[in-house]
Chemist: 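Supplied in C-alpha cells, the structure appears directly below.
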Amino acid sequence: MDSWWIVQLVLATVLAVVVWKLVKFNVRYRGWCRVARQFQNIGPLHPVWGNLHLFKHTYDWMVIAKKVVNKDKPRIIVTWMTNLFPNFSMVHPDTAKVVLKASVPKPTGVGSPYGAFVSWLGYGLLTSSGSKWQRNRRMLTPAFHFDILRTYVDVYNKSCDRFINKLESISTEGKSVEITKPTAVATLDILLRCALSYESDIQEQGDKHPYVLAVDELTHMAADRFINPLLQIDAVFRLTSAGKRYFNLCDYVHDFANKIIQTRKETLENNPSSTQKRRLDFLDMLITTRDTDGQGLSDLEIRDEVDTFMFAGHDTTASVLSWTFYCLGKYPEYQQKVFEEVREIMQDRVQVTWDDLPRMQIIHLFLKETMRMYTPVPTISRTLKEPLEVDGVILPASIDVMVQIDCINHHPDNWPDHEKFRLDRFEDHASSDKDPFSYVPFSAGPRNCIGQNFALNEMKVILAKVLNRFRIVLDEDHEVVALAEVVMKAKDGIKVKLLPR
Ligand code: HEM
C-alpha cells in the first residue's frame, strides 16, 4: 500500500470518529434541551454564549440567581454555559435533598469545579469519591469524636490569645482594622496546631510566614483556575507564570507536610508510648487508623488529608467568623445580648472551657443566622453517573449538577423576610416542621462536613473571647460587599473598630 492510501485511510478514520462523536453529542444535546425546557432559565439566552453574557465574574451568577429565586420561587434553575452545555442548579430543599442524599460523586475532571484543586489536595475526603472516599471517611470519622474535640479547646484558647494580641496591636487609638486577613491567619494557626501540633508564630508573622503565604495564594489561584477551564489542564497551566508559581507552591506545601509526617512516623515507631504524654492530634489519628482489613493510609493519602483539612477547614471558618464580626457590629442590640451571655457564662474567667460551649446558646443562634445570611460555602456540585429523578424529571447521566446552598438559605418558600437578620429565626427551627434541608451550611447527607463540630467549637471560643475583650463597631466609611466565591468573601474586606471593654 503506498503512502497516499495510508493518508486517506487515516483521514477517513479521523473523519468517521469525528462524525460519530458529533452524532453522539447531538443525541445527548437534544436530551439535555428536552430536560432543560422543563425548568426555569436564569435569564435571556445569547445565540452563542447562552447565559454566559450575563456574568462578568463567577460571583455574579449568585446575585442574578437569588433575584430569580426571590421573584419566581423556582426549585431548579438552568444556566446555559454557551448554547451547548446546560447546567442544572438545585435551589430549593426539595430538589437539593435528592442530590445530597444520593451517593453521587464529585466532579474532578478538567473543567470541573473540584478539578482545579486536585494538584494541591490530591484525592483527600473533599475530592475523592466511591469506595476510596467511603473507606477513608470511615477511617477519619473517629478523629472528630467529641473526646478528641474536647482536647482542642485549650488550643483554641491559646491561639485566640495570640489573635487578640494581634488585634490589639493593629487597632490602636480606636482606628478601624481590616478583620478578614488576621482572622484567616488565626484559623490556619489553629488547624496547624490541632492537625500537626505545629507550633509557630504565624499569627505574628502573618503572610510573611511562607506556609501562610502559600496556602493563601494556592486558595486564590485554585479558585482562578476553577473559572478558566483551559487553565485546569495541568500541562497548559504549567506554561503560564501563574502556573509555575502554583506548582512551586504545591511542592512547598507538600514538602512541608511530608517532613512533619515522616518525623512523626519515626517518633511513633521508635517510641509508641509518646502519645500518652501529649495531646493527640489529627496526624496521630491519620497515621494509626486502620480499615477493616487492618490496612492503614499510605503516606500520600495522609498528606492529601492533611492538605484537605488545611484548605477545607481554615478559609470556611474564617469566612463565618469575619461575617459574624460584621453582623455583631451591624446589629449592636444583638451584640449586647451575645455579650451578656458571654459575661454570664465566663464571669471573671478569660479562658473558655469545654463545659461552657453547650451553654452558649445565643452565640449559637447568632452563628446560625450569620451562616444563613452569608452562606460560607455558597455552591457545591456533583456529577451524575446515573440518571437521577428530581422533581418528576429525569436528569440525564454525565452532567454536573450544583446545589446552591446560598439560594436555599434565601428561598422565600422557607425563609420569609430572608434579607432580614433575625436572631429568633432558629429558636424553634429544630422542633418546627421546617425541612432540615432548608438550612445546610455544612451540606447534608453522606458527604456532609466532617469538621462541623470542630468549626462550631472553635468559633464559639473565639467569639466569646473577642467579645469579652472588645466592643465591635462597624467602620461606616467602609463599604462591605459580599461575593459568593468558593467561600463567601467581602470584596474589599471588612473594617471594624475594636473598642476595649
Ligand atoms: C464554618 C466552617 C465550615 C463550613 C461552613 C464547612 C462547610 C462544608 C461544606 C458545605 C462541605 C461539603 C463540600 C462539598 O460537598 O463539596 C464540607 C465538606 C468538608 N469539610 Fe467542611 N466546613 C467547615 C469547616 C471545616 C473544618 C474545620 C474541617 C476540618 C478540620 C472541614 C473539613 C471538611 C472535609 C474534609 C469535607 C469533605 C467531607 C466529605 O466529603 O466526606 N470543614 N464542609
Side-chain angles (χ1 to χ4, degrees), residues 90 96 99-108 112-115 117 121-130 132-141 143-144 148-149 152 155-156 183-184 186-196 226 281-283 285-286 301 304-324 364 367-368 370-372 374-383 400-406 408-409 437 439-463 484 486-488:
M90 313 296 123
V99 174
L100 292 177
K101 280 182 174 174
S103 287
V104 189
K106 298 273 181 85
T108 50
S112 67
Y114 299 78
F117 292 89
L121 308 178
Y123 290 97
L125 275 190
L126 187 68
T127 40
S128 59
S129 294
K132 177 183 165 86
W133 169 78
Q134 234 164 20
R135 167 185 179 260
N136 289 10
R137 175 88 189 203
R138 220 176 288 131
M139 288 168 85
L140 297 193
T141 297
F144 292 88
I148 302 292
L149 296 187
Y152 294 144
V155 182
Y156 304 153
T183 306
T187 56
L188 188 58
D189 184 33
I190 286 176
L191 270 179
L192 282 168
R193 287 166 195 270
C194 295
L196 304 175
F226 161 75
D281 60 17
F282 283 139
L283 185 54
M285 312 277 171
L286 293 171
E301 283 180 310
D304 288 347
E305 297 304 352
V306 165
D307 286 332
T308 297
F309 287 166
M310 292 303 152
F311 168 69
H314 105 276
D315 224 18
T316 45
T317 313
S319 164
V320 179
L321 277 169
S322 302
W323 286 110
T324 308
H364 195 74
L367 277 168
K368 286 185 90 168
T370 305
M371 288 194 281
R372 189 194 64 78
Y374 300 97
T375 311
V377 181
T379 302
I380 56 178
S381 19
R382 301 289 186 265
T383 190
D400 289 354
V401 290
M402 321 285 263
V403 174
Q404 303 293 353
I405 303 179
D406 199 21
I408 295 169
N409 278 350
F437 283 82
Y439 181 70
V440 287
F442 294 104
S443 184
R447 299 216 56 165
N448 68 353
C449 175
I450 199 170
Q452 54 188 293
N453 289 319
F454 179 99
L456 284 169
N457 294 344
E458 172 187 352
M459 294 190 294
K460 284 181 178 173
V461 172
I462 293 182
L463 286 174
V486 177
V487 300
M488 187 66 77

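Hydrogens, waters and symmetry mates are skipped; everything else that's a heavy atom, side chains included, is used. Each ligand, and each atom within it, is numbered from 1 in the order the structure gives. Note that the structure is predicted; figures quoted are calculated from it, not measured.
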Chemist: Can you tell me if T383 and D400 form a side-chain donor-acceptor pair at under 3.5 Å?
Modeler: yes
Chemist: If you compare all heavy atoms of M371 against all heavy atoms of Y439, which two are closest, and at what distance to 0.1 Å?
Modeler: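 That closest heavy-atom pairing would be CB-OH, 3.4 Å.
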Chemist: If the cut-off is 4.0 Å to any non-hydrogen atom of R382, which atoms of ligand 1 fall inside it?
Modeler: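 Answer for ligand 1: 14 (C), 15 (O), 16 (O).
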Chemist: Identify each donor-acceptor pair in which a side-chain atom of residues 442-456 lies under 3.5 Å from a protein atom, sequence neighbours left out, and give them as a table.
Modeler:
residue : atom : partner : partner atom : Å
R447    : NH1  : S128    : O            : 2.7
R447    : NH2  : L125    : O            : 2.5
R447    : NH2  : S128    : O            : 2.9
N448    : OD1  : R137    : NH2          : 2.7
Q452    : NE2  : C449    : O            : 3.1

Chemist: Taking only heavy atoms of A455, which atoms of ligand 1 are found under 4.0 Å from at least one of them?
Modeler: 1 (C), 2 (C), 24 (C)
Chemist: Before you tell me yes or no, could you show the steps for S381 and Y114 under side chain to side chain contact (heavy atoms under 4.5 Å, CB included), namely the whole-Å CA-CA distance, both residues' side-chain angles and the distance that decides it to 0.1 Å?
Modeler: CA-CA 8 Å; S381 19; Y114 299 78; 3.6 Å; yes
Chemist: Give the minimum heavy-atom separation between V99 and M90, together with the two atoms involved.
Modeler: CG2-CG, 3.8 Å
Chemist: How close does the nearest protein non-hydrogen atom get to atom 33 (C) of ligand 1, and which residue and atom is it?
Modeler: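 The protein heavy atom lying closest is A312 CB, 3.7 Å.
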Chemist: Any idea which atoms of ligand 1 are less than 4.0 Å away from a heavy-atom of L125?
Modeler: 35 (C), 39 (C), 40 (O)
Chemist: Which option, C449, A318, G451, owns the non-hydrogen atom nearest atom 8 (C) of ligand 1?
Modeler: C449
Chemist: Any idea which protein heavy atom is nearest atom 26 (C) of ligand 1, and the distance to it?
Modeler: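 Looking at atom 26 (C) of ligand 1, the protein heavy atom closest to it is G313 CA, 3.3 Å.
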Chemist: Nearest protein heavy atom to atom 13 (C) of ligand 1, by residue and atom, and its distance?
Modeler: I380 CG2, 3.8 Å
Chemist: Can you list the atoms of ligand 1 that are under 4.0 Å from a heavy atom of T316?
Modeler: 2 (C), 3 (C), 4 (C), 23 (C), 24 (C)
Chemist: Side chain to side chain contact (heavy atoms under 4.5 Å, CB included) for L100 and I380? Distances and angles first, verdict last.
Modeler: CA-CA 10 Å; L100 292 177; I380 56 178; 3.9 Å; yes
Chemist: Applying side-chain hydrogen bond (donor to acceptor under 3.5 Å, both in side chains), name anything that partners D304, two or more places apart in sequence or on another chain.
Modeler: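 None.
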Chemist: For ligand 1, which atoms sit closer than 4.0 Å to a heavy atom of P441?
Modeler: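 Going through ligand 1 atom by atom, the ones under 4.0 Å from P441 are 5 (C), 7 (C), 10 (C).
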Chemist: Is it the case that ligand 1 has an N or O less than 3.5 angstrom from some N or O of W133?
Modeler: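 The answer is yes, given that W133 and ligand 1 share an N or O pair closer than 3.5 Å.
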Chemist: Considering only heavy atoms of V320, which atoms of ligand 1 have at least one such atom less than 4.0 Å away?
Modeler: 1 (C)
Chemist: May I ask you to identify the nearest protein heavy atom to atom 38 (C) of ligand 1, giving residue, atom name and distance to one decimal place in Å?
Modeler: R137 NH1, 3.5 Å
Chemist: Run the ring pair (Phe, Tyr, Trp, His ring centres under 6.0 Å) check on F309 and F144 step by step: do they pass?
Modeler: CA-CA 12 Å; F309 287 166; F144 292 88; 5.6 Å; yes
Chemist: Of all the non-hydrogen atoms in the protein, which one sits nearest to atom 34 (C) of ligand 1, and at what distance?
Modeler: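 Scanning the protein heavy atoms, the shortest distance from atom 34 (C) of ligand 1 goes to I450 CG2, 3.8 Å.
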Chemist: Does E305 have a non-hydrogen atom less than 4.0 Å from ligand 1?
Modeler: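 The answer is no, since E305 has no heavy atom less than 4.0 Å from ligand 1.
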Chemist: To check your reading of the model: name the closest protein heavy atom to atom 6 (C) of ligand 1, its residue, and the distance in Å.
Modeler: F442 CD2, 3.7 Å
Chemist: Does ligand 1 have an atom under 4.0 Å from some heavy atom of N448?
Modeler: yes
Chemist: Give the residue and atom name of whichever protein heavy atom lies nearest to atom 36 (C) of ligand 1, and the separation in Å to one decimal.
Modeler: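 Answer for atom 36 (C) of ligand 1: L126 CD1, 4.0 Å.
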Chemist: Minimum heavy-atom separation for G122 and T127, please, with both atom names.
Modeler: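 The pair with the smallest heavy-atom distance is O-OG1, 2.8 Å.
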Chemist: Do F282 and L196 pass the side chain to side chain contact (heavy atoms under 4.5 Å, CB included) test, and can you show the C-alpha distance, the side-chain angles, and the key distance before you say yes or no?
Modeler: CA-CA 7 Å; F282 283 139; L196 304 175; over 6 Å; no
Chemist: Which heavy atom of T370 sits nearest to which heavy atom of V320, and what is that distance?
Modeler: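 Of all heavy-atom pairs spanning T370 and V320, the closest is CG2-O, 4.2 Å.
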Chemist: Using a 4.0 Å cutoff against the non-hydrogen atoms of S443, which atoms of ligand 1 qualify?
Modeler: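 Checking each atom against S443, I get 10 (C), 12 (C).
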Chemist: Heavy atoms only: which of Y152, F454, Y114 lies closest to atom 16 (O) of ligand 1?
Modeler: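 When every heavy atom of Y152, F454, Y114 is considered, Y114 comes closest to atom 16 (O) of ligand 1.
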Chemist: Numbering the atoms of ligand 1 from 1, which are under 4.0 Å from a heavy atom of P376?
Modeler: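 This gives 5 (C) as the contact atoms.
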Chemist: Mark the output for K106 as yes if a heavy-atom distance to ligand 1 is under 4.0 Å, and as no if none is.
Modeler: yes
Chemist: State, with a plain yes or no, whether a side-chain heavy atom of L463 is found less than 4.5 Å away from one of T324.
Modeler: yes
Chemist: Test I405 against N409 for side chain to side chain contact (heavy atoms under 4.5 Å, CB included), laying out the working first.
Modeler: CA-CA 6 Å; I405 303 179; N409 278 350; 4.2 Å; yes
